[in-house]
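Read through the structure below, which is laid out as C-alpha cells, and then see the notes.
Every chain is numbered from 1 and lettered A, B, ... according to where its sequence line falls, protein lines coming before strand lines.
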There are 2 protein chains.
Amino acid sequence: MPPTTGQRVPIAALERLATYHRHLLDLEQERITTISSASLETHTGIPAAQFRKDLSYFGEFGKPGVGYEVSHLRESIARILRMDREQRVLLVGAGNLGAALVGYPGLKEQRLRLVAVFDNNYAKIGRRLWDMQILDVATLTEVNREMRAGIGIIAVPRQAAQGAADALIAAGVRAILNFAPATLRVPPGVMVRNVSFVQELAVLSYHLASLDGEDVTTPDYSNVENYEV
Amino acid sequence: MPPTTGQRVPIAALERLATYHRHLLDLEQERITTISSASLETHTGIPAAQFRKDLSYFGEFGKPGVGYEVSHLRESIARILRMDREQRVLLVGAGNLGAALVGYPGLKEQRLRLVAVFDNNYAKIGRRLWDMQILDVATLTEVNREMRAGIGIIAVPRQAAQGAADALIAAGVRAILNFAPATLRVPPGVMVRNVSFVQELAVLSYHLASLDGEDVTTPDYSNVENYEV
DNA sequence: TAGATTGTTAATCGATTAACAATC
DNA sequence: TAGATTGTTAATCGATTAACAATC
C-alpha cells in the first residue's frame, strides 16, 4: 500500500507502524474487535495524535465516533509493511549471532523466510545450522539467481562487513540489516539499517552517569523511559 | 563528562558519539594523529557541522585551523559515554540470543562486563553458558546486591519481558536494553532502549516495495542509504 | 440527536544544516 | 601573515503535538 498523500513518510512512522501491528495482534487474541486511538495510546505508549497522523500517510482506516476495527487495521498495516506476503532473506555470517537469528521464531511469525546462510570460513561451509546448510559466500550471487531474495542480513565481523554488503548488492539485494559495527558504503537505492549493541549500551551508560549526580545539567529525559523506539 | 552548556543533549547525538569513537579507534590504529571534521565526514558519512555540533554539548576538543588530536578526542568521547570505565551488566535469558551476547567480543572491547546470566527455566539453571553459570532469576536481587550492575539486558520471550524488567528494576538496574518485542512499563528514571529485529526488517520490507514501482509517490529516501543509525 | 472519535490542518517543538567570527 | 578549521549562532527543515471541523 503506497502512501496516498504524496507526503514523505518519516522512517520513525514506519517503525511505529510495526509496533501498532504487534499490539493489534494482541488485541485480536483478546477478542477485542474495536479500538480508539486513545485506548491504543495506553497500550503502546505512543500518543493518539501520532498514531492517527502515522496512519494518515496511507489512507483512512477508522470511523469517526467509533474507532478502528482491530483486524481490518491490523491487515491494513501488514499490507503497508508488506508483512502480508513472504519476504525472502539471505544471511551472511554463521557465527553465534547468525545462529541466534536462524533460530529466532519471530522471523517466521512475520513471514520473513531465511532462504540461505553463507559464510567464508571453510571450517563452517557445508555444515548445518539448524535446518540450513551453510553455503560458500562466493556462491551468493549464483544462489540468489534462484532465490531472488531482496533482503540481506550481515552478521559477520567488522572487517568482513563491507565485502558481505558488496556481495549482497551484486546479487540484487536492495535492503540490508547490518549487525556489524561498520559504516557500509552502498549505492543509491539500497537501504541499510544498522543494529549496534554497543551503541545502545553506550547511550544507556551515559544515562546511568547522568543519574549519578555527576551531572548538574542533566538533560531532560522525563519522557524517554516509556517510549517505544 | 557532563554537558557543559546546560542544553539538552539529543539521544541521536549520543548515538553518533559512539560512532565517532569507533572510527577514531580505526584512525589510531592507522597512526593518524590529527583529523578535521571535514575528513571525519568522509569516514563516517556524518556531516562535519553535525559532528562539531554534537561535540559542542560537552566542551571544546579541537584547535581552529588545525583540527582534532585523534587520541585526545577518542579519550574524551570515551569519558563522555563512560566507556573509559568498566560497566557491569546483567543478562536475563539464556536462550540463543543470550548465548550470542555472552559470546560477543564487542562487549568486552567496550568495557562492558557481563557479570551474571539468569533464566527461569530449571532445565537451564545451573548449567554453563560459555564461562558463566546460569542463575535462577529468582535470585537476581540477591546476586546484584553484590554485583551492583546498573545495566540489564532482556533476551527472553515476549511474555516474560515485563517480569524480567521488574526484577531488574527491583535489583537497582536503571538502564535496560530490551530485545523482546514488548513495550515495557518502567518507573521514571529508568531508561529502556528497544532493539527489534522485526521492526528493522519491516522498514526494509517497506523500502523494497517502494522500489518496485508499486508506489508512484515514493518518499524521498535519497540520503538515507549511507546514513549511520 | 448528543457524544465520541476520526482525519487533517496549523502550531509547536526540536534537530539538522549553514554561515561566519574567532583563532590557531 | 594567509589559510584552514573550529565553536557557535542563526536559519532551515522536519517531526510531533494540539486543536477542531467533519462525521459516525
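Between the CZ atom of A/Phe51 and the P atom of C/dT6 there is a distance of 8 Å, rounded to whole Å. What separates OH of B/Tyr57 from C1' of D/dT6 is a distance of 17 Å, to the nearest Å. Look at CD on A/Gln50: it is 15 Å from C1' on C/dG7, rounded to the nearest Å. The distance from atom CG of A/Leu55 to atom P of C/dT5 is 16 Å, rounded to the nearest whole Å. Atom-to-atom, CD of A/Glu41 to P of D/dT17 comes out at 9 Å; the value is rounded to the nearest Å. The distance between atom CZ of B/Phe61 and atom P of D/dT8, rounded to the nearest whole Å, is 10 Å. A straight line from CD of B/Glu60 to P of D/dG7 spans 6 Å, rounded to a whole angstrom. When rounded to the nearest whole Å, the span between CZ of A/Phe58 and C1' of C/dG7 equals 15 Å.
Contact check, A/Arg16 against D/dT16: a side-chain N or O comes under 4.0 Å of OP1 or OP2.
Using a 4.0 Å heavy-atom criterion, one finds that A/Ala13 contacts no nucleic acid atom at all.
Classification of the B/His43-B/His23 ring pair by plane angle, with boundaries at 30° and 60°, yields perpendicular. Classification of the A/Tyr206-B/Phe58 ring pair by plane angle, with boundaries at 30° and 60°, yields perpendicular.
A centroid separation of less than 6.0 Å is found between the aromatic rings of B/Phe179 and A/Phe197. Proximity of the aromatic rings of B/Phe51 and B/Tyr68 is defined here by a centroid distance below 6.0 angstrom, and this criterion is met.
When each of D/dT8, C/dT6, C/dC24 is scored by its nearest atom to the side-chain atoms of B/Ser56, the top-ranked nucleotide is D/dT8. Among the nucleotides D/dT17, D/dT9, C/dA19, the one closest to the side chain of A/Lys53 is D/dT17. Set against C/dT16, D/dC24, D/dT8, the side chain of B/Arg52 has D/dT8 as its closest nucleotide. With C/dA22, C/dT17, C/dT6 as the candidates, the nucleotide lying closest to the side chain of A/Pro64 is C/dT6.
Remark: the A/Thr42 side chain and the A/Ser39 side chain contain no N/O donor-acceptor pair separated by less than 3.5 Å. No donor-acceptor contact under 3.5 angstrom links the side chains of B/Glu69 and B/Thr33, judged on distance only. With hydrogens and angles left out, the side-chain atoms of B/Gln50 and B/Asp54 include no donor and acceptor closer than 3.5 Å.
Salt bridge annotation for B/Glu86-B/Arg111: absent, with no cationic side-chain nitrogen under 4.0 angstrom from a carboxylate oxygen. Taking the charged nitrogens against the carboxylate oxygens, A/Arg74 and A/Asp26 have no contact shorter than 4.0 Å, which rules out a salt bridge. In summary, A/Glu15 and A/Arg193 engage in a salt bridge, as defined by a charged side-chain N under 4.0 Å from a carboxylate O.
Looking at B/Thr34, its side chain never comes within 3.5 Å of a backbone N or O of B/Gly67 through a donor-acceptor pair.
Between B/Leu101 and B/Leu114, the closest heavy-atom pair is O-CD1, 4.2 Å.
Stretches of at least 3 consecutive Watson-Crick or G-U wobble pairs, with each checked distance under 3.5 Å, appear in DNA chain D as C:3-24 with D:3-24.
Only at 4.0 angstrom or more do the heavy atoms of residues 27-38 of chain B sit from any atom of DNA chain C, so none qualifies. Near DNA chain C, meaning a heavy atom under 4.0 Å away, the residues from residues 65-74 of chain A are A/Gly65, A/Val66, A/Gly67, A/Tyr68.
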